[in-house]
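Chain naming here is simple, since letters A, B, ... match the order of the sequence lines and numbering starts at 1 in each. Note that these values count all heavy atoms, side chains included, but never hydrogens, waters or copies made by symmetry.
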Amino acid sequence: MNNSLLNNKFVVTTPLYYVNDVPHIGSAYTTMIADVLIRFQRLQGKSALLITGTDEHGQKIQRTAAEKGVATQEHCDRVVKSFETLWEKLDIQYDRFSRTTAQPHSAIVKEFFQRVWDRGDIYLDQQQGWYCVSCEEFKEARELTDDKYCLIHPNKKAEWRDEENYFFRLSKYQPQLEKIYQDNPDFIQPVSRRNEVLNFVKQGLKDFSISRLHLDWGFPVPTDPNHTIYVWFDALLGYVTALLEPGQEPNLENALAQWWPINLHLIGKDILRFHAVYWPAMLLAAELPIPGKVFGHGFLTKDGHKMGKSLGNTLDPVALVDKYSSDAVRYYFVKAIELGKDGDFNEHRFIEVLNADLAKNLGNLLNRTLGMLKKYCQGNGPQLTAADYPEDHPLKVIGKNLFHKVTKAYENLKFKQACEDILALADASNKYIDDGAPWSLFKQGKQAEIEFILYAVLESIRLSAYFLSPIIPNLSNDIYHQLGFDLDFNNKNQISQPAIFAEHSQWGQLRANQNLNKARPIFSQLELSSGN
RNA sequence: AACAGCGUAGCAUAACGGUUAAUGCACCAGCCUCAUAAGCUGGCAGAUAUGGGUUCAAUUCCCAUCGCUGUUACCA
């Protein structure tokens, strides 16, 4: 494998969301994070691929559709539409939307199943246990009352079932998995999640069932059409199907040729085990390389409380974006929450964070500087370049160090850190203006000194906007536009050119006599609406 | 219940066992005026959950208590 090619590609996945209901804030959170990361990869000129999508099979989906009185596929299509709408509102630039009901997927699932089957890692066995018809699940003894009533459905007695299921030989892969965890300490992140998995695996892995009888919304088991493939041998393979080029013959060879292995599976902590244990084992069984990393982020709370439909305190992502804009929502979730830990959404804090960083610090900085340029320099960009500034110039120093800091932060998924590093430049710029006091210099007729200050500040704003563009692409566009650039951070092809990164990621790119545009506040301060 | 992790100023975070526990936001005061009353300077505030122990020295290590969170397999 060509090494430079390997280093130059980056594939991230979000989970393939279950289409039981419209997207919730948790799905939006994961997807925003994934988009920020992929945008940064793209900015660096890497071949970057963001995969998202939906998992659409299973009895629950079938039942939900029936309750709504629509055909199952129709229900899926509607929910998918709501996902697509939200991703558009949030400026998510996904490259592939993988649906498990899409045509090519069945061929991939079938081939993968066959491959594992041929290696003898799938076998037929009896699944025995107490089954709650209402839950449609086998229950452990502790999930039932002493006389075998379901705890969730106290008036339903569980039935004893003894049915055939196909099983995947997960137990066989325990030693190999443990070696993988040992050899790749970063495979599961953050560390707390890794420990969870290690602990779990150490207790001994049991084979898990991968088929169901009496389920028709799904793919039949290739070797036994009475059975339907259940969840993991279907949904997880959606990541593979996503790698096919549109119109390409759907087979594993084609799917895996260009992008495999996936660099990062970004997931919520609820599905950690399936990605960190089941999935690598399945890939080992199929003799395929495993993904580079699985990152399980935390959950969101609202005002310190767990969110839930039954609790009636959910946070509707659509309403939130409509109220505050995509950039605001993206910024809050990226900057105000430590990825990997549980985070809280609180509207008061939301407004404080956005006002402090985007309106007062960065936004106002741009506005005041352009204002001075207009007043003191007739709006003409200073005839200066980076070479006119000594190496120890306060803003130049920070600007030059920023590249290294920010790149490292983004690559380690320390988005909060990245924001803080970038904002530090805006902070320093505000100080720098006050130290220089251009308004005094103007009265003294020191034109050159004014221009010297303003160029350095404008250039620092530009650099900040560039590095923030994966997070707040629209505001970055706005800033760039006011600074006289026509770069569009939402234009994938344009911003992914390595030459642009080489230039724009460095301090000192503002050109002499840049064609500056009219100053206009980029982000108005938000107010907490009454009634909250 | 068992096992694991966490508990630092109003909020969010930081501190290889070692100076008066750091930073941002919020708040208060002063200064400035180019600007979205924004900016700058200064200030406020913590017995680092509680109680013990180890150590010359503990936010950091050990034990207990309280509180919160996670895991305990087929949950999307």
Side-chain angles (χ1 to χ4, degrees), chain A residues 15-20 27 54-58 60-61 100 127 129 135 137-138 140 142 165 167-168 170 191-193 195-201 203-212 230-232 234-236 238 267-275 277-278 296 298-299 301 304 306 335-338 341-344 346 348-349 351-376 416-417 419-420 423-424 427 429-442 450 453-454 457 519-526:
Chain A
L16 301 187
Y17 302 109
Y18 204 47
V19 292
N20 207 30
S27 320
T54 44
D55 171 16
E56 306 180 17
H57 286 137
K60 264 187 209 164
I61 299 298
T100 57
Q127 167 107 322
C135 296
E137 272 171 20
F138 283 94
E140 299 284 320
R142 63 184 159 75
N165 274 174
F167 283 77
F168 170 65
L170 179 67
V191 178
S192 54
R193 297 270 130 65
N195 291 339
E196 256 172 43
V197 171
L198 255 42
N199 242 321
F200 169 72
V201 173
Q203 289 166 17
L205 295 175
K206 286 193 265 181
D207 299 346
F208 65 95
S209 72
I210 58 169
S211 76
R212 290 289 131 104
Y230 179 69
V231 195
W232 306 112
D234 175 353
L236 288 168
I267 55 167
K269 62 186 182 182
D270 51 330
I271 49 175
L272 177 66
R273 177 171 309 157
F274 310 111
H275 287 77
V277 183
Y278 289 22
F299 275 175
T301 56
K306 232 177 208 168
K335 159 78 197 292
I337 289 167
E338 194 80 18
K341 294 183 183 170
D342 286 356
D344 189 50
N346 170 277
H348 186 67
R349 181 160 172 252
I351 286 170
E352 272 185 0
V353 167
L354 293 168
N355 283 350
D357 288 359
L358 300 184
K360 296 179 188 178
N361 192 346
L362 185 63
N364 181 58
L365 176 64
L366 174 68
N367 202 237
R368 69 189 294 208
T369 311
L370 285 179
M372 284 187 277
L373 199 76
K374 186 180 178 191
K375 248 180 199 172
Y376 305 147
K416 184 183 174 137
Q417 185 66 49
C419 289
E420 281 171 5
L423 261 291
D427 244 328
S429 298
N430 272 317
K431 278 186 186 66
Y432 182 67
I433 291 176
D434 272 57
D435 288 346
W439 44 92
S440 302
L441 298 173
F442 183 66
I450 293 174
I453 292 169
L454 297 186
V457 172
R520 188 168 40 83
I522 55 161
F523 191 91
S524 303
Q525 287 208 49
L526 305 169

Legend entry - Pairwise C1' distance for B/rA64 and B/rU71, with rounding to whole Å: 24 Å

Inset, instruction - Write down the partner of B/rU41 under the Watson-Crick or G-U wobble criteria, each distance required to be under 3.5 Å. - result: B/rA29

Inset, instruction - Ignoring backbone atoms, establish whether A/Gln525 has a side-chain N or O less than 4.0 Å from OP1 or OP2 of B/rA38. - result: yes

Legend entry - Assigned partner base of B/rU65, Watson-Crick or wobble definition, under 3.5 Å: B/rA49

Inset, instruction - Determine: side-chain N/O of A/Arg349 to OP1/OP2 of B/rA26, distance under 4.0 Å, yes or no. - result: no

Inset, instruction - Would you mind reading off the distance between A/Leu365 atom CG and B/rC34 atom P, rounded to a whole angstrom? - result: 16 Å

Inset, instruction - Name the nucleic acid region contacted by A/Ser192, choosing base, sugar-phosphate or nothing; use a 4.0 angstrom heavy-atom cut-off, strictly under. - result: nothing

Inset, instruction - Can you tell me the distance, in whole Å, between the CD1 atom of A/Ile453 and the C1' atom of B/rA35? - result: 15 Å

Legend entry - Watson-Crick/G-U partner (both atom distances under 3.5 Å) of B/rA12: B/rU23

Legend entry - side-chain contact (heavy atoms from CB on, under 4.5 Å) between A/Leu441 and A/Ile453, intermediate numbers included: CA-CA 10 Å; A/Leu441 298 173; A/Ile453 292 169; 3.6 Å; yes

Legend entry - Side-chain-base donor-acceptor pair under 3.5 Å for A/Asn367 and B/rA35: no

Inset, instruction - Kindly check if the number of other-residue, nucleotide or ligand heavy atoms within 6.0 Å of NZ (A/Lys416) is above 12? - result: yes

Inset, instruction - With RNA chain B as reference, determine whether A/Lys335 or A/His57 sits nearer its 5' end, using the nearest nucleotide of each. - result: A/Lys335

Legend entry - Interatomic distance where CZ belongs to A/Arg368 and P belongs to B/rA38 [whole Å]: 13 Å

Inset, instruction - Look at the side-chain N and O atoms of A/Lys269 and state whether any lies under 4.0 Å from the OP1 or OP2 oxygen of B/rU71. - result: no

Legend entry - Nucleotide B/rC34, atom C1' - distance to CZ of A/Phe442 in whole Å: 11 Å

Inset, instruction - To the nearest Å, give me how far apart CG (A/Leu423) and P (B/rA12) are. - result: 19 Å

Inset, instruction - Return the nucleotide paired to B/rC3: Watson-Crick means purine N1 to pyrimidine N3 with N6-O4 or O6-N4, wobble means G-U with N1-O2 and O6-N3, both under 3.5 Å. - result: B/rG70

Legend entry - A/Asn430 CG to B/rG24 C1', straight-line distance once rounded to whole Å: 15 Å

Inset, instruction - For ring-ring contact (aromatic ring centres under 6.0 Å, His included), just list the numbers for A/Phe208 and A/Phe167, CA-CA rounded to whole Å, side-chain angles, deciding distance to a tenth of an Å, and then say yes or no. - result: CA-CA 5 Å; A/Phe208 65 95; A/Phe167 283 77; 8.6 Å; no

Inset, instruction - Using only side-chain N and O atoms of A/Lys306, determine if any of them is under 4.0 Å from OP1 or OP2 of B/rG70. - result: yes

Inset, instruction - Give the rounded distance in Å between these two atoms: NZ of A/Lys431 and C1' of B/rA38. - result: 15 Å

Inset, instruction - Let me know which of A/Leu366, A/Leu362, A/Leu358 forms a side-chain contact (heavy atoms from CB on, under 4.5 Å) with A/Phe523. - result: A/Leu358

Legend entry - Donor-acceptor side-chain pairing of A/Arg368 and A/Asn430 below 3.5 angstrom: yes

Legend entry - A/Tyr230 side chain near B/rC74 phosphate (N/O to OP1/OP2, under 4.0 Å): no

Legend entry - Mate of B/rU59 where both pairing distances stay under 3.5 Å, Watson-Crick or G-U: none

Legend entry - Atom-pair distance (CG on A/Asn355; P on B/rG24), nearest Å: 18 Å

Inset, instruction - Specify the residue among A/Glu338 and A/Asp342 whose closest nucleotide of RNA chain B lies further upstream toward the 5′ end. - result: A/Glu338

Legend entry - OP1 or OP2 of B/rC25 under 4.0 Å from side-chain N/O of A/Lys416: no

Legend entry - Within 45° cone of A/Tyr278 ring axis and under 6.0 Å: A/Arg273 NZ or CZ: no

Inset, instruction - Using a 4.0 Å heavy-atom cut-off across all strands, classify A/Tyr17 as base, sugar-phosphate, or nothing. - result: nothing

